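Notes follow once the structure below has been shown.
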Amino acid sequence: MDAAALPKPFLDSERTGRLDELLVGLDSSTLTWVSGYVAGLAAERARAHGGAPPAAAVANEPEARALVVYASQTGNGRRLAERLERSLSAAGLRAQARSIGDVPLKTLTGERLVYFVVSTHGDGEPPDDARAFFTQLKAKRAPALPALRYAVLALGDSSYPQFCSAGRELDERLTALGATRLAPRVDADVDLEPVAAPWLEQAVVHARTELGTAAPRLSVVAPLRVVAPVVATRDQPVAMELLVNQRISSRDAERDVRHLELALPDERLAYEPGDALGVWVGNPQRAVEAVLARANLSGTEPVTHDGVTLPLRDWLAERREITRLARPFVAELAKRTGAAELGRWLGPEGGRDLRDAFKSFQVVDLLKRYPHAWDATGLVRALNPLSPRLYSIASSRRAVGDEAHLTVAVLDYEQDGEQRTGAASFQLAGLGVGAEVRAYVEPNPRFRLPADAARDILMIGPGTGVAPFRGFLQARVEDGAPGRNWLVFGSRHRERDFLYQTEWLAALRKGQLQRLDVAFSRDTASKVYVQDRLREAGAEVYAWLEGGASVYVCGDAERMAPDVERALLDIARQHGGLSEERAREYLDELAAQHRYARDVY
């Protein structure tokens, strides 16, 4: 490998010496694999941050023989697809992972083998980057695909009634178009690894059969690591020092909203506006003790699970979700107690009640309502693994340097006379300056500023959904972007929770923000929301869109995002003279052009 192509951190003598030690003794075929693996990591990093793979990699890259297509909303689908891409390459196969937004359906007529990793978003919807593909898929003019052989890994959340429906719809439609299913579709819940890992293993087996190779098989679950990670990852976060922890909502606001500033320790945490920070925080001690008390367990009981033995208290504090309910726990509790209400929640008509329960209750609440003599091992197995919390980054490095800023709404409420808090937000709010936070960057390449800085942007972000737009505006100002900037912000009260009010008003005065529309729903007799402001400015919104503007939406997925989309459809109908069907196609076309992007949760 040409030393000039290696990242600078590997060029010092100590690290190159360690690298030599790792590589010595490897045979030529394995060295070839290592070279490809490292090149793949470099290309993956470039793609994640909006760049291009190294020129040499592009020039020598053969045409992909196995295509791995992902439709991902939060990053899980992308990670699994790229993991499969690396595993196929390690098996001696030519492979390429691509976002479904970059794969028009008609291109599949020329593909022989495609693996799909598809998430379901909201109530049965495909991720935003898959909207155009699914529209093409369902159209009467969709092409026949008799030569295509495929497999589908569907990702979802069983707390939603339409669990994995996007993957199911894709699977059924591909078969209807004449494609051949290599294996039955697999549906993965939030705890996806037990299901996803065997599917990935089997995908490599299928590919070797379909495409043929004499290369040695290497593990898909634990690919060879020969160098330190170039970037921090979900499984390898890094410590970040807390520099600022400031409340930006008033003391009498309904919710405590915090502005946090964290120091980037090194180049492993590079980010772009639109990316998120994944924060790893254990469960609050109070929550752990409450679960132990309700389960009538001491916490000292040793539990062995997935090859790891720890005291129960450690499992609950660091490795299991206890502030978020999940369907597997509800199902296990229903099985153990025979509670009719839990059975109804899990039934075909109980989806909405189950989701309402997930919003209101934590694990301790169900343990309280449905008492049972739990054993420590059974409790650990019933709970989902602890997950990082994702927060949109509220800054641009071009403006703030080696820092990342977050906007965090603290979850802290009362349930049946007892305090309930969020695992991450409550603890982050209580950290002092100098504390360390374990974190990594979760790239969000589908939520990026336009490559053409002359394009106008319309940003719609009520509440903490305004966070990424602070980074957007900072970047546009630092770059001297000639495009106009329009922000639509909403909250309950102007005086209590107008987040970053001073900054927005200053930007408006300086001409950095060309328009600012606000909606404070509790300050007037009739509630006014961001979608109402959009309709009021409908003619100008449509003019901006027709002039090439990009529109971004960030925030609540359940109510706000659908309401905003309905407003945009109405604007297209009223001011563009479009039919309902054509208005829908209009938004899909904007999404396909990366001019309508949503980051909703």
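These numbers come from a predicted model, not from an experiment. Atoms considered below: every heavy atom in the structure, side chains included; atoms not considered: hydrogens, waters and symmetry mates.
One finds no salt bridge joining Arg313 and Glu318 here, because no Lys/Arg side-chain nitrogen approaches an Asp/Glu carboxylate oxygen to under 4.0 Å. Between Arg208 and Glu201 there is no salt bridge, since no side-chain nitrogen of the basic residue lies less than 4.0 Å from a carboxylate oxygen of the acidic one. Ion pairing of Glu589 with Arg584 is absent here, as no side-chain N (NZ or NE/NH1/NH2) approaches a carboxylate O to less than 4.0 Å. Using a 4.0 Å cut-off between charged side-chain N and carboxylate O, Asp365 and Arg420 make a salt bridge. Under the 4.0 Å criterion applied to side-chain N and carboxylate O atoms, Glu169 and Arg173 are not assigned as salt-bridge partners. Between Arg598 and Glu565, at least one side-chain N (NZ, or NE/NH1/NH2) sits under 4.0 Å from a carboxylate O, which counts as a salt bridge. Contact check on Asp275 versus Arg448 returns a salt bridge, with a Lys/Arg side-chain nitrogen under 4.0 Å from an Asp/Glu carboxylate oxygen. Asp187 has a carboxylate O that lies under 4.0 Å from a charged side-chain N of Arg185, or vice versa, which qualifies the two as a salt bridge.
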Verdict with supporting geometry, Leu411 and Tyr413, side-chain contact (heavy atoms from CB on, under 4.5 Å): CA-CA 7 Å; Leu411 184 62; Tyr413 63 99; 3.9 Å; yes

Check against side-chain contact (heavy atoms from CB on, under 4.5 Å), Val553 and Met560: CA-CA 9 Å; Val553 183; Met560 182 277 297; 3.8 Å; yes

side-chain contact (heavy atoms from CB on, under 4.5 Å) assessment of Val330 paired with Leu354: CA-CA 9 Å; Val330 177; Leu354 184 63; 4.3 Å; yes

Stepwise side-chain contact (heavy atoms from CB on, under 4.5 Å) check, Leu200 with Leu80: CA-CA 8 Å; Leu200 295 173; Leu80 289 172; 4.0 Å; yes

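No side-chain heavy atom of Thr135 sits under 4.5 Å from any side-chain heavy atom of Glu585. Side-chain contact between Leu312 and Thr377: absent, with no pair of heavy atoms (C-beta onward) separated by less than 4.5 Å. Within the 4.5 Å cutoff, the side chain of Phe447 has no heavy atoms near those of the Ser392 side chain. Within the 4.5 Å cutoff, the side chain of Cys554 has no heavy atoms near those of the Ile460 side chain. At least one side-chain heavy atom of Leu211 sits less than 4.5 Å from a side-chain heavy atom of Arg112. Trp199 has its side chain within reach of Leu84: a pair of non-hydrogen atoms, C-beta onward, lies under 4.5 Å apart. Tyr601 is not listed as a side-chain neighbour of Tyr391, based on a closest heavy-atom distance of 4.5 Å or more. Residues Leu277 and Met240 meet the side-chain proximity criterion, which asks for heavy atoms closer than 4.5 Å.
Aromatic ring pairs are classed by plane angle as parallel below 30°, tilted from 30° to 60° and perpendicular above 60°; the pair Phe116 and Phe133 is tilted.
Between the side chains of His372 and Arg294, no donor N or O sits under 3.5 Å from an acceptor N or O.
With Glu442 as the partner, the salt bridge (charged side-chain N to carboxylate O under 4.0 Å, His left out) test is satisfied by one option alone out of Arg234, Arg79, Arg389: Arg79. Each of Thr323, Val363, Val291, Leu316 was scored for a side chain to side chain contact (heavy atoms under 4.5 Å, CB included) with Asn283, with one residue passing: Thr323.
Summarising the local packing, CZ of Arg344 is surrounded by more than 12 heavy atoms from other residues, nucleotides or ligands at distances under 6.0 Å.
Contacts of Asp556 classified as side chain to side chain donor-acceptor pair (under 3.5 Å), with partners at least two apart in sequence or in another chain: none. Shown here are the side chain to side chain donor-acceptor pair (under 3.5 Å) partners of Thr175, two or more places apart in sequence or in another chain: Tyr150, Arg181.
Within the structure, salt bridge (charged side-chain N to carboxylate O under 4.0 Å, His left out) contacts touching residues 369-380 (residues at least two apart or in different chains) are Arg336-Asp375, Arg369-Asp416.
Between the side chain of Glu301 and the backbone N or O of Ala376 there is no donor-acceptor pair closer than 3.5 Å. Checking side-chain atoms of Glu85 against main-chain N and O of Ala66 turns up no donor-acceptor pair under 3.5 Å.
Atom OG1 of Thr120 and atom CD of Glu125 lie 10.0 Å apart (nearest 0.5 Å).
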